[in-house]
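See structure below.
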Amino acid sequence: MKALIVYESMFGNTEAIAHVVAERLKASFDVTLADVRVMPPVGDADLLIVGAPTHAFSMSRPRTRADAIRHGTTVGAGVPGIGIREYLDYTPWLTGMYAAAFDTRMRKPLLPGSAACKAYRRLHALGCHMVAPPKSFHVVGITEPLIDGEPDQARRWADAITATVLTARRTTPAA
Ligand SMILES: Cc1cc2nc3c(=O)[nH]c(=O)nc-3n(C[C@H](O)[C@H](O)[C@H](O)COP(=O)(O)O)c2cc1C
């Protein structure tokens, strides 16, 4: 089975989680890990996972990516026009494809909004079979690194996705 993980990252946190998830999925999937800026084609992937930073309560936009550059990022600088929002805008119907979405964002109980929730809804609307609820991994602050323990959470999340997909494949084999 093939898995495509597409991530957007301006300070490296979402990219770091994407790498952890990719490593974990390799036990069961032929994994491709791609920066959204290359607009990787979904092709014949069985599983699509998208990861994005939460910006302004949602998926990033050109304006928020420009804000991130003003906050001092160098990792994601250069192509403020392409993020997971735009990637999903250009993605064709994905009827029946297994999919999941995660984000990284600040751990502030009163701060609403999550890029993962928005991406999850978009993937579902494209016809995907969602194999996990939207998942957030947390950072200390707006330009700060991941909170200790989040990579372990990502490994557990990847394992749960693997188990769900393998079970689904056993109960509804591909045509
Ligand atoms: C312009 C901008 C807006 C942000 N807005 C939010 C937000 O609304 N809620 C939140 O929890 N975190 C917000 N953050 C924090 C990011 O979600 C967090 O730093 C994330 O881990 C960045 O991911 P990256 O390192 O992959 O770029 C924002 C960060 C930036 C730069």
Side-chain angles (χ1 to χ4, degrees), residues 3-26 31-40 42 45 47-91 99-125 128 130 132-161:
L4 172 64
I5 303 173
V6 185
Y7 65 88
E8 170 191 343
S9 189
M10 300 199 73
F11 292 93
N13 295 314
T14 315
E15 180 175 6
I17 295 292
H19 278 274
V20 169
V21 171
E23 277 308 309
R24 205 65 177 186
L25 290 182
K26 276 182 187 166
V31 178
T32 301
L33 177 65
D35 189 313
V36 72
R37 292 173 294 173
V38 306
M39 295 288 271
V42 174
L47 169 67
L48 171 64
I49 297 181
V50 300
T54 292
H55 278 186
F57 320 118
S58 185
M59 292 186 283
S60 73
R61 294 182 164 82
R63 175 179 50 79
T64 65
R65 294 192 287 271
D67 281 349
I69 291 170
R70 279 192 285 279
H71 274 91
T73 179
T74 52
V75 178
V79 190
I82 298 174
I84 291 294
R85 179 188 293 276
E86 291 76 15
Y87 181 71
L88 294 176
D89 282 344
Y90 286 101
T91 298
F102 72 91
D103 65 23
T104 61
R105 63 187 175 110
M106 292 185 286
R107 178 170 281 165
K108 297 210 177 200
L110 298 179
L111 194 62
S114 146
C117 288
K118 297 286 165 46
Y120 178 102
R121 281 188 218 139
R122 294 286 300 276
L123 288 164
H124 188 254
C128 291
M130 304 308 293
K135 177 71 178 170
S136 291
F137 301 97
H138 293 100
V139 301
V140 179
I142 206 157
T143 60
E144 303 288 328
L146 290 160
I147 290 172
D148 287 350
E150 293 302 77
D152 284 336
Q153 293 277 353
R155 286 182 197 99
R156 283 193 279 277
W157 188 69
D159 288 349
I161 287 172

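Everything quoted here is computed from the prediction, not taken from an experiment. Both counts, for ligands and for their atoms, begin at 1 and track the order of listing. One-based numbering along the sequence shown.
- By the 3.5 Å distance cut-off applied to N or O atoms, Ile142 is counted among the residues near ligand 1.
- Between Asp67 and Arg70, at least one side-chain N (NZ, or NE/NH1/NH2) sits under 4.0 Å from a carboxylate O, which counts as a salt bridge.
- Counting atoms of ligand 1 from 1 in the listed order, those under 4.0 Å from a heavy atom of Ala68 are 31 (C).
- Ligand 1 has no nitrogen or oxygen under 3.5 angstrom from a nitrogen or oxygen of Thr143.
- Within ligand 1, counting atoms from 1 as listed, the ones closer than 4.0 Å to a heavy atom of Val139 are 18 (C), 19 (O), 21 (O).
- Scanning all protein heavy atoms for the shortest distance to atom 21 (O) of ligand 1 gives Thr104 OG1, 2.8 Å.
- The side-chain heavy atoms of Val140 and Ile147, taken from C-beta on, include a pair separated by under 4.5 Å.
- Remark: minimum distance from atom 22 (C) of ligand 1 to any protein heavy atom is reached at Pro53 CB, 3.6 Å.
- Side-chain atoms of Asp35 do not come within 3.5 Å of backbone N or O of Ser9 as any donor-acceptor pair.
- Polar contact with ligand 1: present for Phe57 (N/O pair, distance under 3.5 Å).
- Atom 11 (O) of ligand 1 has Met106 N, 3.0 Å as its closest protein atom, hydrogens excluded (heavy atom only).
- The shortest contact between atom 17 (O) of ligand 1 and any protein heavy atom is with Thr54 O, 2.6 Å.
- Remark: ligand 1 atoms within the under-4.0 Å shell around heavy atoms of Thr64 are 1 (C).
- Here is the list of ligand 1 atoms found below 4.0 Å of a heavy atom in Asp67: 1 (C).
- Counting non-hydrogen atoms of other residues, nucleotides and ligands closer than 6.0 Å to CG of Asp89 gives a total above 12.
- Checked against a 3.5 angstrom limit, the closest N/O atoms of Thr14 and ligand 1 fall inside it.
- With rounding to the nearest 0.5 Å, the separation of CG in Leu48 from OH in Tyr87 is 5.5 Å.
- Considering only non-hydrogen protein atoms, atom 2 (C) of ligand 1 sits nearest to His55 CD2, 3.7 Å.
- Residue contacts with ligand 1, taken as heavy atom pairs separated by less than 4.0 Å, involve Ser9 via backbone and side-chain atoms alike.
- Numbered from 1 in the order shown, with element, the atoms of ligand 1 that lie under 4.0 Å from a heavy atom of Ala56 read 3 (C), 4 (C), 5 (N), 6 (C), 7 (C), 8 (O).
- Closest approach of Glu8 to Gly83, counting heavy atoms only: OE1-CA, 3.3 Å.
- Close to ligand 1: Gly12, with a non-hydrogen atom less than 4.0 angstrom away.
- At distances below 3.5 Å, at least one donor-acceptor pair connects side-chain atoms of Arg85 with backbone N or O atoms of Met59.
- A side-chain N or O of Thr14 and one of Thr104 form a donor-acceptor pair less than 3.5 Å apart.
- The aromatic rings of Tyr7 and His19 are tilted relative to each other, their planes meeting at an angle between 30° and 60°.
- A heavy-atom distance below 4.5 Å is not found between the side chains of His138 and Met106.
- Closest protein heavy atom to atom 25 (O) of ligand 1: Asn13 N, 2.8 Å.
- Pairing each heavy atom of Glu144 with each of Val139, the nearest pair is O-CB, 3.8 Å.
- Contacts between Leu111 and ligand 1 below 4.0 angstrom, taking non-hydrogen atoms only, involve the side chain exclusively.
- Between Glu15 and ligand 1, no N or O atom pair is found at a separation short of 3.5 Å.
- The shortest side-chain heavy-atom distance between Val21 and Ile161 does not fall under the 4.5 Å cut-off.
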